[in-house]
Structure formats: C-alpha cells, structure tokens
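Before any comments, here is the structure.
Numbering of residues begins at 1 and proceeds along the displayed sequence.
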Amino acid sequence: MLSKIQTRFLNENSREYTVPLSIVVAISIILYFKFVSLAKVYIYNDTGSDTFDSYWPFIVNLHETIRSGNLPFWSHNTGIGASQYATNIFIGDPFIYFYLLFPVHVLPYLFGLMAIMKINVAAFFFVKYVRYLNVKYFTVIISTLLYAFNGYIILWGQHYQFVNIIVFLPLLLLGFEKILKEDKKIIMSIAVALLAINSYYFLYQVSLFLIIYAFVRYFTLKRFNLKNLFFITLKSLLAYIIGIGLSAFYLIPTVSYVLSSPRISGNYIPSLFSLNSLEYYISLFFRFFSNNTLGIGNSFFGDINYYEAPILFSSILIIILFPIAFMNMTRREKIVNGIFIGMIFTFLLLPIFSTMFNAFSKIDYRWTYVVIFSNIYLIIFSLEKIENISRKKILASLIGLLITISTYIFVVNIGTEYFIWDEKNKIYLTITLLLTIVFGISYIVLLFGIYKKNSKIYKYLIVVVLMLEIIAHNYPTINNRLLLSPEDITLKQNYNDYTNEAVVYLNEIDSNFFRVEKDYFSRFLNDPMIQNYNGITGYNSLHQFSTLEFLKNLDVKLESLNLIYGVNNRTNLEALLGVKYLLSKSSDLNLFGYEKIKNIGDIFIYKNILYVPTVFTYESFIEEEQFLSFDTQSKDMMILNSVVLSDSSIQKIKDLNMNIVPKSSFIVDRSAETISLNYAALKGENVEFLGETSDDVIKFEALNEDPIITIPLNETQNGHFSLKITIDSPIVNEGQIFWRGIDEIFSEEKSSKFQLDKGENIYEIDLGSIENFSELRIDVSRVAQIYSIKQIILLKNDTNAVVGSINNLQELKVNIIHHGSNKIVGDAELDKDEILYFSIPFDKGWKLKVDGIEVTPLVANFGFMATPLEKGKHNFELSYTPPFLFEGLIISLISLFVMLLVATRKSKRRVR
C-alpha cells in the first residue's frame, strides 16, 4: 500500500500538477486556518497596520465605485480629491475584481482567502516554469514548496498587492524560456503586461533581474554565438515591448501621474563601495534563517522594521543543498552560476545596488525576492541528482551546516554586545536556532538515508520535513500578531461606528455636493474612503500634487507627504473647501460658524453656516507672489476675497473687467485684536523653568511626559480666537492647546492638537469660538526635553469680516445641475465679469467646456481650477478622464493586434 502511494506521489512522468498543488493547498489552509474558519480577519493592527489604515479603505473605495456603475477615474473621497485611476494601487491587481462578486461588508472576510488564492496561483505558475526546465518531479515538488511559501510571499504578502510580483515572476521567466528554446513570445508579453499593470515599481525591479537571468540561462544552455545572442535579445525585447504596449492603457496614465509627484526624485546615489550599518548586516544574516529571527511584528528589533528589512528566508534546506548544487554542476555551470550568485549577494552587501533597484530614490529592500528566487533556482542542480548523492557531498552539507550554526552563535554574541539585546530578544534568536538545528540535522539524516538505500521513502520524508519547517516558521509570521477579529468589524467601532449612519442621514437631507470634517478618527485618515463621504483627510503614498501645493502655500503643516490631516481646523479654509458638516463626539462644541443639528448614536452633527459651494465665483484676484508675502491669518482672509493666480494666468484674463488687489497692498486688515496675557501669573507643572520667564521667551525643561504651562488672560473674553506661538523643540512630537472659562476645568473637548516640528517654528492655531475665556494652557510636548517658547500672541478675530467675505462667495450665481465623480455640469448668470472657481484639485485630466467650447482651466489658489467668465449667462461642463488614457488604449489595441499577428504567423509556420 505504502509503495503504491509512493509511486503515485513521486511519479516523474505524471502529467498532472495535483501533487505539488495539493500540498500547497493543504499547507495554505493550515497557515491561514484562522481566516478560513473566520476566527480572525486578515487585517493587522500592528506594524502591518497599513492593511487596516490604507489597503482596506482603498479596496472598498474601488469596489463601491465600480459596483455603483462609475468608472474609477476620479475620487472625491480620496484626500480633498484625487485621480483614483492613478492613485488607487489596486486597480492594476487582476485578483481584486474577484471581490466584485460580493457585497462590501463581506470583503474583510475574503482577504485571507485571497492570500491563499495568490499563493496557489504563484505555485501553479512556478510548476509550469520549473517543469519546462525538464526537471524531475521530486525537484518540482521541493522547489515549488520553497517558492510558494518563501518569506517574501508570506510577510510582504500581508501587503496585499506586493505578493503579485511573486505570482507573476515565474510566468515571466517561463516566457523567456519559451523564447530561448522555442521562439514563442506570447507568454512573456502577457507576463510583462500583467506586471506592468500591477505595478510599474516592481516591473522596473524585475526587468533588471530579467536581464541578469537571461544571460545566466543563455550561457548555461548555449555556447556563445554573437549572431544567436543578438537574435534572442531582439526577440525578447520585442516580446517585452509588446507586453509594455498591452499595458499602455494603464501604465502610461499612471507613470505620467507618478512622475509629477514630489515623492519621486531619482537623485540619491551612494558611492560604489560605501557600506551599510552593522545593524543592517546582522539583520541581513539572520533573515536568511527566518522572518522571525529578530522578532515578530512590533517586537522586531532588527534594522528598519519587520517588513522593510531584507526578506531572504525560504528554508534551511537551501543552505544544506547549496554546496551540493555546485558540486553537481559542470565547470561551465559553476562559472556562470558562480558569477550569478556572486552578483546577487553583492547587491545585498553594497547599498548602491539596493538604491539602483529603487530607481535611485532611496535605499530599499523590497527587491529581495530576487535573492530568494535565485537561491531556489540554484538548488535545482542539487535536487536533480539527489539519487546519486555521495558521502562527500553529504559531508560538505554537514560541514556547511556546522559552520552556519557556529556563525549564527558568533553573530548573536556580536549583536548582544553592540545592541544590548535583552532576554526577550534572545528568545526569538534561540527559537530560530533550535529550528535550524532540528530541521538541518533532519535533512542531513534523510540525505544520508538516500545515499545508503536510495529509497523513495526518504524523498517522501524530506517533503514532510519541509512541510513541517514551512509551517513552523510561517505560522507565527501570519498568526502571532495583532489581528482583527470579526467583532472588531461588526461592533459599533472603528470603520463601523455611527459615522456611517450620520453620513447616510446627511445624504438623505442634502442632495448637493458637500465635504465633511470630523474631529475624531473612526480609524485614521482614510475614513472617508471606506465610510463613503467627501472629506479633506487622506493617507496615500501619491497624494494629488496640486493638493499638496495648496496646503504648502497656505501654511498647512504636513507631517509627511503621505499624510493629510485636513487644514488644521482653520475655519476659512474649511469654508473655502466646501466643508458643510462637522461630525464630533462632543455634544457642546462652540465653533465659529457651526450649529448643532442632530445626534446619531455617539455622533453629533454640526452644520457649517459659512459653507461655500464647490463651484462659485470670485470678483477679484491677487498675484501669487504678493499673496505669499502675507502671514498665515492674512492669507486665510485674503483667499476668501480674491482668487490667487500666477502671472501667466493673469495674462489670460487681462481683458476682463475685474478687480485686482494692488501690488502695493502688503497688509491685510484682519480686524483682529491682540489679547493681553498675565505673564506674572504664569505657572508650570512638571516643568523646571530655566531663567526668567517673560512674554519674549519661556525656556523650560519638561520633567516627564506631561509638561503643562498655564497663563491667565488679564480680562475674561468672548469671541473667536486664534493663537500664534513660536516654539523651539529638539524633537518632532505632538503639542496641545487648552482653554477654559471661569470655574471650568481644562478638558479634551476644549483643546486643539498640533504637530510639533523639530527646530524653531511658528504655529498658528485656530481655537474657534470661546465664551468666558479666562485661561490658556500650553502642553508643548509629550517627551521630557528642553523647550523654548519665544512668542505667544492671542488674537480675537472680527468674525464680521469673515462672514461678509463668505456671504459674497455664497451668492447664488452658479447652479449645479449634475455633480458626479467624473463630471460636473452647471450654469451661471453673472451681472459682471467674474472668475468661475472649482474647489476640486487641478489635474491635467480635467476638461472644461464653457458654452460648448473647450477651454483650458487656470490653476487657481495654487492647486484648484478656475476659468474667467464675462457678464451674462453661461453653461459649463467639467469632466475627468485620466491623462493619456486614450493614447494608451490605442497603443494597447495595436500591441494586442501585433501579438495576435505574431502568434498566428507562428502557428501557420508550425502547420506547414
């Protein structure tokens, strides 16, 4: 019976893929059983929280856009608005469209099943690839398991779209093998297209690796012939270009958008032989043994973090078989593969190559899947001749294992000495060492069994041991983490809180386009994407460039280019952006311009009576250079009165009869009163003042994580207040301003947080409307350091000026007939020349027609759109199509035709 099972299991002539793929399915179910059984949801709340904060909202946003019948071109709930086609990283993921079969609330439960699906598709493509190399079935099984459950697919695979490079890589290499051996180009073209659509970033990386792999395979299989090499290169290039052409409908619009991003700057080139840090090289060494050698998730104590550190693990079997692989090679193979693996490891050792794989923008290690693949490719040479293994080869493997273990212990001692690893850290190191020893010795013993008896049972046992090793190392990577449970997404919390009901209510009572702001996070900055409202926050690696320009020039501080926290509660800017409603957890907000209209659950809804529609008209304009000379509060007032235009835009409207702010006017009348503070009564808590305190400078040392400075006002005040404060801080942290009235206590509800930057910076904070304002409290930071406050100016603003300016913008001169994701249609009736303004971020894909004639929108207010209108009646249509989409479609169709033509001619030639 056992003999029959072994024969069927290891039948080298089998035409089926069922054995390796069945094993992959079985291991997948074990590893991801918590998600299959719905005990957990494949969303992380630790160092992998991008799954929670970013990927889940992006998937839902795309899912709902398509299910609602819209094309995923523009999204109003991504930041202040953004090109969904270019910024939603999942549009190019072909697997994502499987989700369209299910309602949105089911999606989180499918993420784990999708991980299993991608692992199995990757395994299928790898089986196709490795069988095409004409290797034995045992080699297929072992190499497939190593590839399907390598450290990259398990760990980076938790970033859902990253795993696709592992899925499509063997298909690409199979395509090249087809060209090399049969002159068949179609598979390579399809693989290149899939990679290009999925990620231009990984396409670039894998293209570099493909060049190296192609030369390795050519010189392994063929003797050098310049003419032959030239034609193979030409055919490969043709297949590659066709693949790029097939993807042009998505690749060209996306790349054109990315190249305009301020994050893209290919100008970081370290010197050729510069080295990395000791911490990096220690992490590099240990990550060959397991993803978890230096900790799991938040407990990781190696270089960078759990994900970004090099990922190199597949199995200790790689180290066992590595010397055997080279001993089995011919002299020619040793030279070619020696150079190959030497190059790969040089890439790991010298930072310049990691920079090269990241397009010279920074040092990054997301390319290390090529190391894993290269290792698996090389051990195929040892697996192929496993039946003929000799005592000498086993001895070489044993010596290699002993040297590896000894080096491991030595490096642990170095790390302990230099980085003072504690006992908790050493637990991870010890567990990995024990697993290495146990599985390493097991493989050596089984290899010796093959040598002594040449029985297939030992091959079978190697497969079993490999399965156990895969589970032992990868199960903790997936499961011993902070995972969401079904309760986390079904209870009234996180994205499922009462915000959803509040948004439904707002859409029921208000059919117009409006934006919503919240003074809390349901989860994080991408709340609008998953809770389906138009907000002004966002977490995105490629925010709309025009949005960033607007925020920068309006002095809105950005923690990073990835994170938009709104406009720092600046009332004027919220009105300008069309924020009509505020959702709050507080029942007694007293914000200027807002009135409470309803509460749903624990959410209180406030309406902004100063709301300005998305489309309105300006009667005057101001030059950018002049506007930038104002301080922040002056900018807030001026932008309500005059649209900001560049010199070139002003030239285009010079024939209009419009008002321009005189160049000599460099002072804006904010009608603000400076409120005096009683510095004599200044007090500190958990601080030690350094020197005399005054209104010029307050220098102090924070004694713990809660330093407090309080300053009373000389007189109790009522009104709308803002604070201008200069702080010199040695670190980046969070600050908070509190205020209170007579007989009140300081509370979170009456406070405003702000981002504290390193160095000396000026902060302007809108405190809103305050009654009986008697005392100010400043919490500079949450870290014990030395700080200086060099200026505190408390301003009481004349709200009449703000209301008057906003009332002008609220005049009903514009009528919106339709406001969709990709199109806005309306008309306007003006009694004088004005500028029609759209509070929608500028993008070259927006096309504007006025009275049926296409006009080029002006860039206004640094990042939005406008067009001049003469006195009278006008109709307009603003529509969005991603730039270069039609050109890309044409190229894709031509490439498809060429590919089919090439395939057809090849088929006819074979028939003849």
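- Nearest heavy atoms, L62 versus N88: CB-ND2, 3.7 Å.
- More than 12 heavy-atom neighbours from other residues, nucleotides or ligands sit within 6.0 angstrom of OH on Y520.
- Ion pair E877/K849 not flagged as a salt bridge, since none of the NZ, NE, NH1 or NH2 atoms sits closer than 4.0 Å to an Asp/Glu carboxylate oxygen.
- Atom CG in N572 sits 9.5 Å away from atom CD1 in I639 (nearest 0.5 Å).
- K873 and D827 are not joined by a salt bridge, as no carboxylate oxygen comes within less than 4.0 angstrom of a charged side-chain nitrogen.
- Ion pairing between a basic and an acidic side chain is recognised when a charged N comes within 4.0 Å of a carboxylate O; K871 and D831 show no such pairing.
- With 3.5 Å as the limit, one finds a donor-acceptor pair spanning the side chains of Q736 and S751.
- For the residue pair H76 and N534, no side-chain donor N or O sits within less than 3.5 Å of a side-chain acceptor on the partner.
- Cation-pi geometry between K492 and Y498 is met: under 6.0 angstrom from the ring centre, within 45 degrees of the axis.
- In this pair, F521 and Y565 present their aromatic rings tilted. The plane angle is within the 30 to 60° band.
- Donor-acceptor pairing under 3.5 Å is lacking for the side chains of T65 and N70.
- S586 and S584 are not linked by any side-chain donor-acceptor pair at a separation below 3.5 angstrom, with hydrogens and angles left out of the test.
- Here the side chains of L640 and L809 are in contact, with some heavy-atom distance below 4.5 Å.
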Take I778 and I789 through the test side-chain contact (heavy atoms from CB on, under 4.5 Å) and record every step on the way to the result. CA-CA 10 Å; I778 305 169; I789 301 175; 4.2 Å; yes
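- Of all non-hydrogen atoms in H819 and I824, the two that sit nearest each other are NE2-CD1, 3.4 Å.
- Cation-pi geometry between K580 and Y611 is met: the NZ or CZ atom falls under 6.0 Å from the ring centre, inside 45° of the normal.
- The side chain to side chain contact (heavy atoms under 4.5 Å, CB included) with F773 is formed by just one residue from the set I675, N718, L713; it is L713.
- Taking a cutoff of 4.0 Å between a charged side-chain nitrogen and a carboxylate oxygen, D519 and K585 do not qualify as a salt bridge.
- A donor-acceptor pair shorter than 3.5 Å can be found between the side chains of D497 and S522.
- A cation-pi arrangement is absent between R523 and Y495 under the rule of less than 6.0 angstrom and at most 45 degrees off the ring axis.
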Go through the steps for F514 and Y581 under the test ring-ring contact (aromatic ring centres under 6.0 Å, His included), then give the verdict. CA-CA 8 Å; F514 54 83; Y581 299 99; 5.0 Å; yes
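- Residues F58 and Y539 approach most closely at CE1-O, 3.7 Å, considering heavy atoms.
- Proximity of the aromatic rings of Y837 and F621 is defined here by a centroid distance below 6.0 angstrom, and this criterion is not met.
- Atom CZ of F862 has more than 12 neighbouring heavy atoms from other residues, nucleotides or ligands inside a 6.0 Å radius.
- Donor-acceptor pairing under 3.5 Å is recorded for the side chains of Y594 and E574.
- Looking at K813 and E619, a side-chain N of the basic residue comes within less than 4.0 Å of a carboxylate O on the acidic one, giving a salt bridge.
- Tested against Q544, the residues T78, T87, D843 include a single side-chain hydrogen bond (donor to acceptor under 3.5 Å, both in side chains) partner, D843.
- Between L577 and R515, the shortest heavy-atom distance links the atoms O-NH1, 2.5 Å.
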Evaluate ring-ring contact (aromatic ring centres under 6.0 Å, His included) for F838 paired with F876, printing each intermediate quantity in order. CA-CA 11 Å; F838 301 86; F876 59 86; 5.7 Å; yes
Pair F754-Y763, ring-ring contact (aromatic ring centres under 6.0 Å, His included): steps then yes or no: CA-CA 8 Å; F754 64 96; Y763 304 90; 5.2 Å; yes
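- Remark: E870 does not engage K832 in a salt bridge, criterion side-chain N to carboxylate O under 4.0 Å.
- The closest side-chain donor-acceptor pair between N61 and Q84 falls under 3.5 angstrom.
- No more than 12 heavy atoms of other residues, nucleotides or ligands lie within 6.0 Å of CD in E715, so this atom counts as exposed by the packing criterion.
- Side chain to side chain, T499 and Y533 fail the donor-acceptor criterion of an N or O pair below 3.5 Å.
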